[in-house]
There are 2 protein chains.
Amino acid sequence: MAQSDTVKRILDTAEVLFAEKGFAETSLRNITTRAKVNLAAVNYHFGSKKALIQAVFARYLDPFSERLNRALDELESRYSPTPIPLEVLLEQLASSVLEVPAERNSLKVFMKLLGLAYTQAQGHMRRYIQVHYGETFQRFVDCVRLATPDLPDVERFWRLHFMLGTVVFTLSGLDALRDIADNEYHEHTSVRDLIRRLRPVVAAGMQAPLPELPTEAARPAV
Amino acid sequence: MAQSDTVKRILDTAEVLFAEKGFAETSLRNITTRAKVNLAAVNYHFGSKKALIQAVFARYLDPFSERLNRALDELESRYSPTPIPLEVLLEQLASSVLEVPAERNSLKVFMKLLGLAYTQAQGHMRRYIQVHYGETFQRFVDCVRLATPDLPDVERFWRLHFMLGTVVFTLSGLDALRDIADNEYHEHTSVRDLIRRLRPVVAAGMQAPLPELPTEAARPAV
DNA sequence: TCGAATGGAAAACGGCTGTTTAAAACGCCA
DNA sequence: TGGCGTTTTAAACAGCCGTTTTCCATTCGA
């Protein structure tokens, strides 16, 4: 056989621990012990801890970007030559995100990892993601541009990142927020429920009125 | 004199390094060397690394929550007995956030720290913040409730966190995003500019239409 | 049956971590 | 001036880190 299930065991354990405690706070000994695998196996199969982290991401992002690309193919040919409506695009993005980890029941892990990628590791993960998946992201952005022709390019750029922040921040801090919400409102909150609540907020944010022009008078204060 | 500037030197250096690299990735030797202070000074003055981290947060959050409380006092007495309008509340929150680090020109650090508090340190920082500043936050939430009487409580809870995510995520990842934006649109983005863009998006998100009711039929799929 | 290749196991490597100790230096008041 | 808290200093502590090396077990094709 080409390779045992050691690689899979390491990845399965690593993604959970990374999501729980972060990259720096999770040691290789921590991972290999829980995975019931020898310490040296990580460096043998992946080369280094950094490469392991990237492998964890790739296992989610490769199928995700592939799915999203295929979905955009399908939508473009269905709507062509008219642009894909914004709601459809957002809806498709959501379901592409949902489908991938559904196979492993680990949406929470996926979202936590995304959140960590943006805040930890001095951005070396951010760079990796941008290099490997920037093309797909750019394609999605281009579709959104066609769907929102009245939005200036800069404004759309920032709003997309605002919305990315809304989703990633919420879903990556889900456990903590859910604790508070459940205690306060005695109502269990599922991920599907949260996405249902996110949908109108994100759509409204993207289509909000343009900001007022910057006033020169307010500048010298700070 | 009560105590030298060693404490201040440590805090000034620590907050910058924490914001740049995270808590776990920043060592005490790293801090004390750059601050030109003896290694043992941290444990002498603060007790532990954890306590140092909390002190860094307190130096921002104490004046912030005090300012916000005073501002809410003022607004309540000005508008009473009618509720404070939502736009005014959001505006006040923004300027309270802006005022505090303006004294030290470190809004970026402040935001990065907030972002880290939510994603790192296994939430022990999140707990600290909730214990020490939860009361102020709750007061603000109560004001928002008066301003948005038609919003169900659960919905308002989540939307506030959505908006918190938007702002914290954007401003804490500011440097990275700014790099992309500046390269792509050749237009420098200041923090004030970003807040100008955030305002209508946040307002629209809070006032978005209510989500459709959950459909039982859509559940078995995932 | 031999030899090579592959994967796993145990041990050790140097280096960095947060924390503690004990002694020295300092400023202040009597 | 002498003594006394307070602060700073240098050194050492035990422990964990990622990585490397060495050796053993297994498998496969010639």
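Note on naming: letters A, B, ... go to the chains in the order of the sequence lines (proteins, then strands), and numbering restarts at 1 for each one. Just so it is clear, the structure is predicted and the values come from calculations on it, not from any experiment.
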State plainly whether the residues [X] and [Y] are in salt-bridge range, i.e. N to O under 4.0 Å.
{"X": "A:Arg9", "Y": "A:Asp12", "result": "no"}
{"X": "B:Arg139", "Y": "B:Asp142", "result": "no"}
{"X": "A:Arg196", "Y": "A:Asp193", "result": "yes"}
{"X": "A:Glu91", "Y": "A:Arg199", "result": "yes"}

Discussion item. So B:Thr26, base contact, sugar-phosphate only, or nothing? Heavy-atom distance under 4.0 Å.
Written reply: sugar-phosphate

Any side-chain N or O of [X] below 4.0 angstrom from OP1/OP2 of [N]?
{"X": "A:His45", "N": "C:dG8", "value": "yes"}
{"X": "B:Thr6", "N": "D:dT8", "value": "yes"}
{"X": "B:Ser27", "N": "C:dT17", "value": "yes"}

Practice prompt. Would you please name every residue forming a ring pair (Phe, Tyr, Trp, His ring centres under 6.0 Å) with A:Phe137, sequence neighbours left out?
Written response: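 Counting only residues at least two positions away or on another chain, A:Phe137 forms no ring pair (Phe, Tyr, Trp, His ring centres under 6.0 Å).
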
d([atom1], [X]; [atom2], [N]) in whole Å:
{"X": "A:Leu28", "N": "D:dT20", "atom1": "CG", "atom2": "P", "answer": "12 Å"}
{"X": "B:Asn38", "N": "D:dT7", "atom1": "CG", "atom2": "C1'", "answer": "10 Å"}
{"X": "A:Glu25", "N": "D:dC17", "atom1": "CD", "atom2": "C1'", "answer": "13 Å"}
{"X": "B:Arg29", "N": "C:dG18", "atom1": "CZ", "atom2": "C1'", "answer": "7 Å"}
{"X": "A:Leu39", "N": "C:dG7", "atom1": "CG", "atom2": "P", "answer": "18 Å"}
{"X": "A:Ile10", "N": "D:dG18", "atom1": "CD1", "atom2": "C1'", "answer": "14 Å"}
{"X": "A:Phe46", "N": "C:dG7", "atom1": "CZ", "atom2": "P", "answer": "13 Å"}
{"X": "A:Asn43", "N": "D:dT20", "atom1": "CG", "atom2": "C1'", "answer": "8 Å"}

Item to complete: Using the closest heavy atom to pick a nucleotide of DNA chain C for each, name whichever of B:Ser48 or A:Lys36 lands nearer the 5' end.
Response: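 Its nucleotide being nearer the 5' end, the pick is A:Lys36.
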
Worksheet item: Toward the 5' end of DNA chain C, which comes first, A:Ala40 or A:Tyr44, by nearest nucleotide?
Response: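 The answer here is A:Tyr44.
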
Worksheet item: In terms of ring plane angle, is the pair A:Phe23 and A:Phe57 parallel, tilted or perpendicular, where the classes change at 30° and 60°?
Response: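 Ring orientation, 0 to 90° scale: tilted.
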
Practice prompt. Could you walk me through whether A:Tyr60 and A:Phe110 pass ring pair (Phe, Tyr, Trp, His ring centres under 6.0 Å), step by step?
Written response: CA-CA 7 Å; A:Tyr60 279 102; A:Phe110 186 24; 4.8 Å; yes

Practice prompt. Under 4.0 Å from any atom of DNA chain D, heavy atoms only: list the residues of residues 51-59 of chain B that qualify, in numerical order.
Written response: none

